[in-house]
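Right, one structure below, let's go through it.
Quick caveat, the model's predicted, so the values are computed rather than measured. Sequence lines set the chain letters: A, B, ... in the order given, protein chains first and strands last, and positions in each chain run from 1.
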Amino acid sequence: MKETFNLWLEDNTQLSVILACALRHPDREIHSLSYAPEFPQPACEEAWACMAEAQRLMDKLKMPRGRFCWSFQSARFYFGARRDGVCLGLITMPNPPAEQIEKIFADFQAIPAAA
Amino acid sequence: MSNDAAKRNRILFVDDDEAFLSTVRDLFDAFSNGDWEVHGALSGAKAMALLQESPVDLVVTDLQMPVMDGVQLIQFLKKNYPAIPKAVLSSRTDPSARDSCMQAGADLFFIKPTDINVWDEIFASLRQLVSVQPKEGFRGVMRRIGLQEVIQLECLGTKSSVLEVKAGDIVGEIFIRDGRIIHARVGDREGLEAFNRIMAFNSGEFGLKAFAEPPVETISGSWEMLLMEAARVRDEAAQPSATGEPPTAAEVAVTAQARAAASDAAEAVLAGEQGPQVEEILICTTKGDVVYEWQSPQADARMEIISFIKKWTQQLNRKLPLGRLRDTEFVNQGDRLVFKLADDWTMLVRTRRVATPSGRQAS
């Protein structure tokens with residue numbers, strides 16, 4: 001199951017606007033990819049840790065699973081979770097085409113849970 | 001009755017019941033033999049606006065009021081006007097109400113009396129509270145106040161005024177009528193463009209003038225959204241261009257206009273005839289004091305999210321070249337929760353998509 005998600009990430013995130021991305025599985029295992037030298041994988045770990053903490057906070061506050069977008073001056077940081085607990089994080093250029101991001105998250109949500 | 005206004009104590013009663021305020025004013029005017037100058041405010045926001053205008057010697061607040069309740073007002077006073085004594089006059093009789101008020105910083109707690117003799121006792125207690133305060137020297141605190149705060153106070157107080165802002169040789173004016181921003185001009189610019197330009201001034205001075213009708217009304221919409229949009233435009237102006245050079249004023253204007261036009265167009269396509277519906281607004285200071293709250297029953301939970309965002313923004317920027325955080329957005333189906341973090345304040349606005357007859361939704 002994890003392999004399917006990981007392959008999906010590798011196949012669907014190689015876009016010029018995506019600088020780095022990651023999947024966090026329910027068992028806390030992280031599969032991350034970096035496409036920009038200024039966003040190397042070790043440095044991005046902080047972002048994926050933030051993603052996990054955000055999910056914990058949402059659960060604590062009994063907020064429904066949704067999608068976060070942090071707009072920084074030099075990049076955007078998106079993350080969202082599925083009902084089965086798999087989280088997707090993306091670090092993108094500051095103003096990525098909204099439709100591209102929407103499609104990635106829609107496709108991520110559509111991956112069959114039993115995949 | 002004393003005629004020496006300089007020696008009169010200014011007492012501010014805050015209660016959303018206008019008739020009650022009127023009764024209190026009459027009673028305490030009589031009890032004090034005219035030594036008390038009794039003022040009334042129908043809400044916490046109006047009390048804040050009055051305090052901004054001139055100091056008072058005592059604040060007596062009701063507990064249950066819409067938007068900002070008595071405990072929140074006490075907390076605000078404790079942080080921002082620590083020298084002013086604070087009392088609560090409430091119909092609530094449960095001990096928990098008293099405890100929460102005292103914990104928040106109230107000096108005295110009274111239950112609203114029905115017997116005239118009890119009013120006399122309350123007056124005696126309040127008079128004692130006022131009398132132990134220093135009459136000489138300085139009182140109150142000075143704090144940095146910016147354009148946003150002044151506009152917030154004017155709007156919250158539903159006031160009418162003209163805010164004149166000077167930056168070097170440039171003079172701008174923002175017209176506020178009954179708490180609504182209706183017009184702005186600077187140089188040959190008018191409307192939103194002028195408003196955003198004024199709000200983007202890095203330095204200068206400002207003053208409030210008496211309200212005068214503008215020649216034309218060029219701005220509409222809630223002041224909260226206008227301030228938020230101005231902050232967004234200002235942040236974008238601070239971004240370096242692709243060449244690494246700071247953008248010119250013309251580039252900033254073009255970018256802002258293009259973005260605004262694109263945003264309007266996108267919203268129009270998605271929205272059909274209806275725009276997004278604002279469901280909640282929360283504005284707080286960096287210290288966590290709630291300055292303005294509208295339909296935000298989960299303010300504590302919201303503050304927890306704001307703390308989380310601040311903490312992680314710092315942590316993320318230690319290792320990643322992200323730059324300044326402009327805003328954070330949480331989207332869940334029809335709900336959109338936007339957190340705008342400025343240097344001095346944080347604003348939260350929640351909107352909900354409104355379904356249109358055609359089945360499309362406004363975002």
Among the options B/L337, B/V338, B/L316, pick out the one with the most heavy-atom pairs lying under 4.5 Å from chain A.
B/L316
Structural part of A/K62 lying under 4.5 Å from a heavy atom of chain B
neither
Quick one: sort the B/F308 and A/W70 rings into parallel, tilted or perpendicular, breaks at 30° and 60°.
perpendicular
Above 12 or not: heavy atoms from other molecules or residues under 6.0 Å from CE of A/M93?
no
Give me the contact list for residues 40-59 of chain A versus chain B, heavy atoms only, anything under 4.5 Å, ordered by residue number.
A/A43, A/C44, A/E46, A/A47, A/A49, A/C50, A/E53, A/A54, A/L57, A/M58
Chain B heavy atoms under 4.5 Å from A/Y78: which part of the residue, side chain, backbone, both or neither?
neither
What part of B/I309 gets within 4.5 angstrom of chain A, counting heavy atoms only: side chain, backbone, both, or neither?
both
Exactly one candidate in B/D327, B/L322, B/T328 meets side chain to side chain contact (heavy atoms under 4.5 Å, CB included) with A/S71; the answer is B/D327
With the side chain counted from C-beta on, respond yes when A/M63 and B/N332 share a heavy-atom pair under 4.5 Å apart, and no when they do not.
no
Closest non-hydrogen atom pair, B/P321 against A/E38
CD-O, 3.5 Å
Atom pair CZ (A/F68) and CD (B/E329), whose distance is rounded to the nearest 0.5 Å:
10.0 Å
